[in-house]
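Some notes on the structure that comes next.
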Amino acid sequence: MKSLKDLEALRLKAQEQTRLRAGSQSVKITIGMGTCGIAAGARQTLGAIMEELAMRNLGEVVVTQTGCIGLCDQEPLVEVEKAGSPKVTYGRVDSERARQIVARHVVNDQIIGEWVIARQAGS
């Protein structure tokens, strides 16, 4: 930090990140952040999702974390829940796949079938 302006920019960025990770919007993305997920690269996956959402200015998306759900061989796991659609769980989601999931599934409603490991009925 070299100035008060730098500090203000950092504060605004942190507020935006917090806003994306809390609330009750129409799209929810959950990243598996158990020990197995983190070891498989879930931190980078989370970072890529947050960057892509911020770049696209998608304020209606909430990003959350969860622990291990027992599919360690498929980590990092990412679940996408959209109102009125099935909850979709993607496996082996690296940074590039994370960005594609945001672009194709979240933005354009195109489920990427070859990466899906589970689907549940939507609300």
Side-chain angles (χ1 to χ4, degrees):
M1 296 290 141
K2 294 187 180 191
S3 70
L4 195 53
K5 187 176 181 179
D6 292 342
L7 182 60
E8 177 65 13
L10 181 62
R11 182 182 72 81
L12 291 173
K13 182 177 179 183
Q15 284 178 332
E16 178 65 15
Q17 293 289 317
T18 301
R19 187 183 62 74
L20 287 173
R21 295 182 69 181
S24 58
Q25 278 70 23
S26 62
V27 179
K28 179 179 175 186
I29 299 174
T30 305
I31 296 105
M33 295 290 287
T35 305
C36 51
I38 292 169
R43 282 193 179 115
Q44 292 81 5
T45 300
L46 173 61
I49 288 171
M50 298 301 287
E51 288 172 7
E52 193 70 19
L53 292 173
M55 183 186 79
R56 294 173 178 273
N57 198 26
L58 296 174
E60 72 277 6
V61 178
V62 172
V63 179
T64 64
Q65 300 175 28
T66 190
C68 180
I69 61 169
L71 296 170
C72 300
D73 65 321
Q74 294 293 319
E75 293 286 358
L77 294 169
V78 173
E79 292 180 342
V80 177
E81 295 179 71
K82 295 182 87 172
S85 298
K87 177 168 71 170
V88 176
T89 303
Y90 292 100
R92 297 188 176 121
V93 180
D94 60 15
S95 295
E96 181 55 36
R97 282 187 176 189
R99 293 178 194 284
Q100 295 254 347
I101 289 167
V102 171
R104 293 169 59 186
H105 187 155
V106 174
V107 174
N108 294 314
D109 290 320
Q110 298 172 345
I111 295 172
I112 308 168
E114 60 268 20
W115 303 341
V116 173
I117 60 170
R119 290 183 201 218
Q120 294 178 355
S123 54

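Applying the ring pair (Phe, Tyr, Trp, His ring centres under 6.0 Å) rule to pairs touching residues 40-72 yields nothing, sequence neighbours excluded. Pairs of residues two or more places apart, or lying in two chains, that qualify as ring pair (Phe, Tyr, Trp, His ring centres under 6.0 Å) and include a residue from residues 56-107 are Y90-H105.
Within the 3.5 Å criterion, the main-chain N or O of E81 finds no donor-acceptor partner in the side chain of S85. For the pair D94 (side chain) and E96 (backbone), a donor-acceptor distance under 3.5 Å is present. K82 contributes no side-chain N or O that, together with a main-chain N or O of S26, makes up a donor-acceptor pair within less than 3.5 Å.
Within 6.0 Å of the CZ atom in R43, the count of heavy atoms belonging to other residues, nucleotides or ligands does not exceed 12.
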Task: Residue pair R92, E75: steps toward the side-chain contact (heavy atoms from CB on, under 4.5 Å) verdict - done: CA-CA 5 Å; R92 297 188 176 121; E75 293 286 358; over 6 Å; no

Open item on the list: Using side-chain contact (heavy atoms from CB on, under 4.5 Å), reason through M33 and I38 one step at a time and then give a plain yes or no.
Closed with: CA-CA 6 Å; M33 295 290 287; I38 292 169; 4.2 Å; yes

Task: Trace of the side-chain contact (heavy atoms from CB on, under 4.5 Å) decision for I101 with W115 - done: CA-CA 10 Å; I101 289 167; W115 303 341; 4.1 Å; yes

Open item on the list: I'd like to know whether K87 forms a side-chain contact (heavy atoms from CB on, under 4.5 Å) with V80, so could you lay out the CA-CA distance, the side-chain angles of the two residues, the decisive distance to 0.1 Å, and finally the verdict.
Closed with: CA-CA 6 Å; K87 177 168 71 170; V80 177; over 6 Å; no

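Of the candidates V93, T30, I31, L71, L77 forms a side chain to side chain contact (heavy atoms under 4.5 Å, CB included) with just one, namely L71. With M50 as reference, V63 is the one residue of V61, V63, I29 to meet the side chain to side chain contact (heavy atoms under 4.5 Å, CB included) rule.
The structure places CD of Q74 at 10.5 Å from SG of C72, a figure rounded to the nearest 0.5 Å. Between T66 atom OG1 and E79 atom CD the span is 7.5 Å, to the nearest 0.5 Å. For the atom pair T89 OG1 and R119 CZ, the distance stands at 10.5 Å (nearest 0.5 Å). The CZ atom of R104 lies 11.5 Å from the CD1 atom of I111; values are rounded to the nearest 0.5 Å.
What you find for G37 and P76 is that their closest heavy atoms are O-CG, 4.3 Å. Closest non-hydrogen pair, C36 versus C68, comes out as SG-SG, 3.4 Å.
Between R11 and E8 there is a salt bridge, with a side-chain nitrogen of the basic residue lying less than 4.0 Å from a carboxylate oxygen of the acidic one. A salt bridge links E51 and R99; the closest N-O separation between the charged side-chain nitrogens and carboxylate oxygens is under 4.0 Å.
Taking the side chain to side chain contact (heavy atoms under 4.5 Å, CB included) definition, one finds that R56 meets it with E52, L58, V102, A103, V107, sequence neighbours left out.
By the criterion of side-chain heavy atoms lying less than 4.5 angstrom apart, applied directly or through intervening Ile, Leu, Val, Met, Phe, Trp or Tyr residues, I112 is not grouped with I117; the two fall into different hydrophobic clusters.
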